[in-house]
Q: 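Here it is: the structure, laid out below.
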Amino acid sequence: MNRIAGIINLDQEQDFLDELTYFRCGAAVPYAGHYRMIDFTISNMVHSSIESIAIFTRRKYRSLLDHLEQGKAWDLDRQRGGLFILPPDWNDPTDISRGDLKHFHNNMDYINRVQADYILVTGAQNICNINFQDVLAEHKASKADVTVIYKKVCELYPEHHLASKLTINKQNNRVTAIHNDPKSQDIYMNMYLVKKSYLYALIEECIARGHTNLFADAIKANVEDIHIHAYEYKGVHSLINSVESYYRNSTKLLNEIEHDALFNEDSPIYTKVKDEAPTKFLPNSKVKNTIVANGCVIEGQVEGSILFRGVKVGKGSTIRNSIIMQRCEIDSGVVLENVIIDKDCKINSGRMLIGAKEKPFVVAKRKIM
Amino acid sequence: MKNKEHVAMLLAGGQGTRLKSLTKEVAKPAVFFGGKYRIIDFPLSNCTNSGINTVGVLTQYEPHILNDYIGIGSAWDLDRKYGGVSFLPPYMQSEGGDWYKGTADAIYRNLKFLDQYNPEHVLILSGDHIYKMDYARMLDYHKSTEADCTISVIEVPWNEASRFGIMITNKLGKIIDFEEKPKFPKSNLASMGVYIFRYDVLRKYLIEDALKKDSSHDFGKDIIPKILHDEKHLMAYTFDGYWKDVGTVESLWKANMDLLKEDAELELNDHMWRIYSNNPNHTPQYIASSADVQGSLVSDGCRIYGTVDRSVIFYNSHIQKGSLIRESVIMPNVHIGENVKIFRSIIMEGSVIEDNAVIGDPTSNSEITLYEDKGNVMSSRYTTMMK
């Protein structure tokens, strides 16, 4: 049996995108024109025949619930299995678990009941297009206790400083250390695959010892005692854990090769599709090198930018290298450069907002400027 | 179960022969329109937005796409425990079976479907018209006037009135006469093919009509004249808004072009009256540095490297560098090579246009070219001749 169940643990992914995560958790942040960050992880799981997915969420999950609904967009509205969104409803008087173990302890029923032999535990900050069945094949062949997924990056960016890195024995791809060496290029993608029974034992052990983080205390700390196999993911990868990395990785998608590698036809990224009209380009609009979602009405100039659904760009406005989220209204004669504007904002005529390329200017949701 | 107050019957079996190869493999209600829609999205969305949650879809001609597209109706919120959308194709009975012989016959043979809901009123809708209409208001009017039947009408220009079924009304809106395509019209109120009947009245007339050997079993030709003849209470409900029956290649092209105006009469981007459709999953569109898009509608999944001028581009179409698309409709999944020129054309779904091709006639008022898959060019001139 090769059944895998997924757990997306969002416990540690709350406030890393400044204004964009004031009102929502990171997983629910809009990305790439009409997606949310979590769409990538869920779609990858669905394409890997993972039919049961649990989401551990602690705070700011209204937006996430709204987006995921019953999981219909990912074909996860099932009689058996499907999507389980598990917010913190923790009232067990005998509960002695701490930290993110609280999620595992209080949702033990999910792990017990789910029809799967393996569990894949991930976050939602690593944007990629990966098949987890390939990971399972390697996991089984290596006879490892745990398989962790990593990406060897060519160039280190600031976002990689925060990620764990791996030291790998090149002979057998066994992990010999997990650390934060800033010079290491083997970036742990916050995804590991483990047999259900083994995960169960790790959880019990962690809770009994009062540990607070399943990965850090049960896997990272015991790297010498347990067999950890490293699976190398070779496709496109973006780690998004700061506004700067969000901005740079978003605009990277304007490059066709990067774009097509992430959004390939064999394993498309699913999202909740809205009933928006096609985008209307009015006479004299000038749009170049831009990703545009449906429902926009464009009268001005846009270049090197990403326009989400239902954005209006007025006459004589210029938008350069910016990310404009759902339903923003940009009046006439506005100049925007290197800015990220969250949903439902209104920028009145004649305003000029210019951020730095390295540090884009962020406008929080529903602002009127 | 509780009776339904109203049930809609949507006639979606029409072939639409004047649309030529556009309807070679699909029924007319499944024809693409407006950058991402199929025509049937309009009546179905009207039902949902009007609070009508029970819709029978009568299919006959090439139903596969419609079956697949509508599914259980979830895109229109018509996946209901009681009611929702039901497909009603012709079927066999112990004493045999036959195709639907006319619009009235189609409803007559589904009286069993209607009986199970035993509604007070039945809406008869056509699946091949493009319009946004609140049926709930018409229903209110129908109920407040205590009519046996209410027919929705629209004012058309007098010089076009002879192309329609024309209603002649008195001052109170009561229909006193009806003329099918009159040479000398006495009124310019054209029937839109939207009827609301009291179910008991409809049921009686359908059963009577079914027994008549010489009847063509058509609402416009048989049922309405008979009801009028019997001096039943017929009311006209005047609709003012955009309404189009896109019967020909030209009118389909024209209706698409109508959407490009800055203040288009038919606003698709209307959050108070959304047009729902079965949305395919695509990435957002990408407009490249070499592209120039003006006065056009473009949908998800498109990649534009060339010039698009006053055109409607359906989802997942790719237009390469150096190509020019002007006053044209590009249906879904079309791949257009480099340095192609397309003028005043409709390019059918899934077509592949080789580099350097030239399609269509750029001169104004020229015939609209319908470019079929696999490279067969058909001019709409033939359509005009067939009329």
Side-chain angles (χ1 to χ4, degrees), chain A residues 30-35 39 43 46 70 72-75 77 253-256 259-260 262-265 268-299 302-312 315 327, chain B residues 33-37 41 45 48-49 74-77 79 256 259-264 266-271 273-305 308-317:
Chain A
Y31 190 69
H34 66 200
Y35 301 93
D39 292 345
S43 299
V46 168
Q70 308 282 309
K72 195 170 168 185
W74 300 267
D75 249 355
D77 51 337
L253 294 170
L254 295 170
N255 175 320
E256 195 179 356
H259 181 276
D260 287 2
L262 183 59
F263 299 99
N264 71 58
E265 282 181 15
I269 306 303
Y270 298 134
T271 190
K272 189 165 88 178
V273 183
K274 297 270 183 71
D275 283 278
E276 293 286 351
T279 282
K280 194 168 197 173
F281 295 82
L282 291 167
N284 304 319
S285 69
K286 207 169 160 189
V287 181
K288 307 268 180 206
N289 189 31
T290 290
I291 287 172
V292 187
N294 269 354
C296 295
V297 180
I298 307 173
E299 213 170 347
V302 188
E303 199 178 340
S305 299
I306 297 173
L307 304 186
F308 283 71
R309 292 170 180 136
V311 170
K312 293 195 169 60
K315 214 177 217 166
R327 294 189 300 273
Chain B
F33 173 76
K36 65 173 273 198
Y37 307 98
D41 289 337
S45 300
T48 302
N49 290 330
S74 35
W76 300 269
D77 260 355
D79 49 335
N256 274 287
L259 298 170
L260 302 176
K261 292 176 195 148
E262 221 160 303
D263 293 304
L266 182 73
E267 178 58 83
L268 297 173
N269 212 340
D270 175 1
H271 286 195
W273 201 269
R274 271 186 208 267
I275 305 304
Y276 298 97
S277 60
N278 190 340
N279 292 298
N281 190 86
H282 290 295
T283 58
Q285 55 188 280
Y286 176 64
I287 312 294
S289 297
S290 56
D292 182 8
V293 185
Q294 310 247 342
S296 296
L297 287 180
V298 184
S299 206
D300 277 354
C302 286
R303 292 208 184 172
I304 316 285
Y305 293 86
V308 177
D309 183 21
R310 286 165 282 154
S311 294
V312 175
I313 317 291
F314 279 73
Y315 50 84
N316 207 29
S317 287

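Because the structure is a prediction, the values reported are computed rather than measured. Chain A is the first sequence line, chain B the second, and so forth, proteins listed ahead of strands; every chain is numbered from 1.
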Q: Provide the closest heavy-atom pair for A:Arg309 versus A:Cys296 in the form atom of the first, atom of the second, distance.
A: C-SG, 4.4 Å
Q: Heavy-atom distances under 4.5 Å only: say whether B:Arg310 touches chain A with side chain, backbone, both or neither.
A: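 Contact with chain A is absent: no heavy atom of B:Arg310 under 4.5 Å.
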Q: Is A:Lys286 in contact with chain B via its backbone, its side chain, both, or neither, using a 4.5 Å heavy-atom distance?
A: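 No part of A:Lys286 comes within 4.5 Å of chain B.
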Q: Taking A:Val297, A:Asn294, A:Val273 one by one, which has the highest count of heavy-atom pairs under 4.5 Å against chain B?
A: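 Most pairs with chain B among the choices: A:Asn294.
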Q: Between chain A and each of B:Asp270, B:Asn269, B:Leu268, count heavy-atom pairs under 4.5 Å; write down the option with the most.
A: B:Asn269
Q: Please classify the contact between A:Phe308 and chain B as side chain, backbone, both or neither, with a heavy-atom cut-off of under 4.5 Å.
A: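 Contact with chain B is absent: no heavy atom of A:Phe308 under 4.5 Å.
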Q: Could you look at B:Ile287 and say if it's the side chain, the backbone, both or neither that has a heavy atom under 4.5 Å from chain A?
A: both
Q: Which atoms of A:Ala73 are under 4.5 Å from chain B, going by heavy atoms: the side chain, the backbone, both sets, or neither?
A: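 No part of it gets close to chain B.
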Q: Under a 4.5 Å heavy-atom cut-off, does chain A meet the side chain of B:Tyr315, its backbone, both or neither?
A: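 Nothing of B:Tyr315, per the 4.5 Å heavy-atom cut-off to chain A.
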Q: To the nearest 0.5 Å, what is the distance between CZ on A:Phe281 and OG on B:Ser311?
A: 12.5 Å
Q: Taking B:Val312, B:Asn279, B:Ile275 one by one, which has the highest count of heavy-atom pairs under 4.5 Å against chain A?
A: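 Heavy-atom pair counts peak at B:Asn279.
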Q: Looking at every non-hydrogen atom in both residues, tell me the closest pair between B:Leu266 and B:Phe33 and how far apart they are.
A: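 Closest pair (atom of B:Leu266, atom of B:Phe33, distance): CD2-CE2, 4.0 Å.
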Q: Go through the atoms of B:Leu259 and report whether side chain, backbone, both or neither lie under 4.5 Å from a heavy atom of chain A.
A: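 Backbone of B:Leu259 only, per the 4.5 Å heavy-atom cut-off to chain A.
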Q: For chain B, which of A:Pro278, A:Gly33, A:Gly295 has the most heavy-atom pairs under 4.5 Å?
A: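 That would be A:Pro278.
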Q: Please report the C-alpha distance between B:Asp77 and B:Thr48 in whole Å, then the side-chain angles of each, then the deciding distance to 0.1 Å, and finally whether the side chain to side chain donor-acceptor pair (under 3.5 Å) criterion is met.
A: CA-CA 7 Å; B:Asp77 260 355; B:Thr48 302; over 6 Å; no
Q: Take atom CD in B:Glu267; do more than 12 heavy atoms of anything else shown fall under 6.0 Å from it?
A: yes
Q: Side chain, backbone, both or neither: which part of B:Ile304 has a non-hydrogen atom closer than 4.5 Å to chain A?
A: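 Nothing of B:Ile304, per the 4.5 Å heavy-atom cut-off to chain A.
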Q: If you look at every heavy atom in A:His34 and A:Ala293, which pair is closest and at what distance?
A: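 In terms of heavy atoms, the two residues are closest at CB-CB, 4.3 Å.
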Q: Which atoms form the tightest heavy-atom contact between A:Leu254 and B:Tyr286, and what is the distance?
A: O-OH, 3.3 Å
Q: Looking only at heavy atoms and a cut-off of under 4.5 Å, which of B:Leu297, B:Ile313, B:Asp300 has the most pairs with chain A?
A: B:Asp300
Q: To the nearest 0.5 angstrom, please state how far the CD atom of B:Gln294 sits from the CG atom of B:Leu260.
A: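 That separation rounds to 12.5 Å.
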Q: Does A:Leu253 reach the side chain of A:Tyr31, with side-chain heavy atoms less than 4.5 Å apart?
A: yes
Q: Relative to chain B, which segment of A:Lys274 carries a heavy atom at a distance below 4.5 Å: side chain, backbone, both, or neither?
A: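 Backbone only.
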Q: Would you mind checking which part of B:Tyr305 comes under 4.5 Å of any heavy atom in chain A, side chain (CB onward), backbone (N, CA, C, O), both or neither?
A: side chain
Q: Would you mind telling me which of A:Ile291, A:Ile269, A:Val302 has the largest number of heavy-atom pairs within less than 4.5 Å of chain B?
A: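 Greatest number of close heavy-atom pairs with chain B: A:Ile291.
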Q: If you look at every heavy atom in B:Arg274 and A:Asp275, which pair is closest and at what distance?
A: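 Closest approach of B:Arg274 to A:Asp275, heavy atoms only: NH1-O, 2.9 Å.
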Q: Does any backbone or side-chain atom of A:Glu265 lie under 4.5 Å from a heavy atom of chain B? Answer side chain, backbone, both or neither.
A: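 For A:Glu265, there is no contact with chain B at all, as no heavy atom is under 4.5 Å.
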Q: Under a 4.5 Å heavy-atom cut-off, does chain B meet the side chain of A:Glu299, its backbone, both or neither?
A: side chain
Q: What part of B:His282 gets closer than 4.5 Å to chain A, counting heavy atoms only: side chain, backbone, both or neither?
A: backbone
Q: Over all heavy atoms of both residues, which pair between A:Pro268 and A:Ser43 is shortest? Give the atoms and the distance, please.
A: O-CB, 3.9 Å
Q: Hey, would you say the A:Tyr35 and A:Phe263 ring centroids sit under 6.0 Å apart?
A: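 Ring-ring flag for A:Tyr35/A:Phe263: true, centres closer than 6.0 Å.
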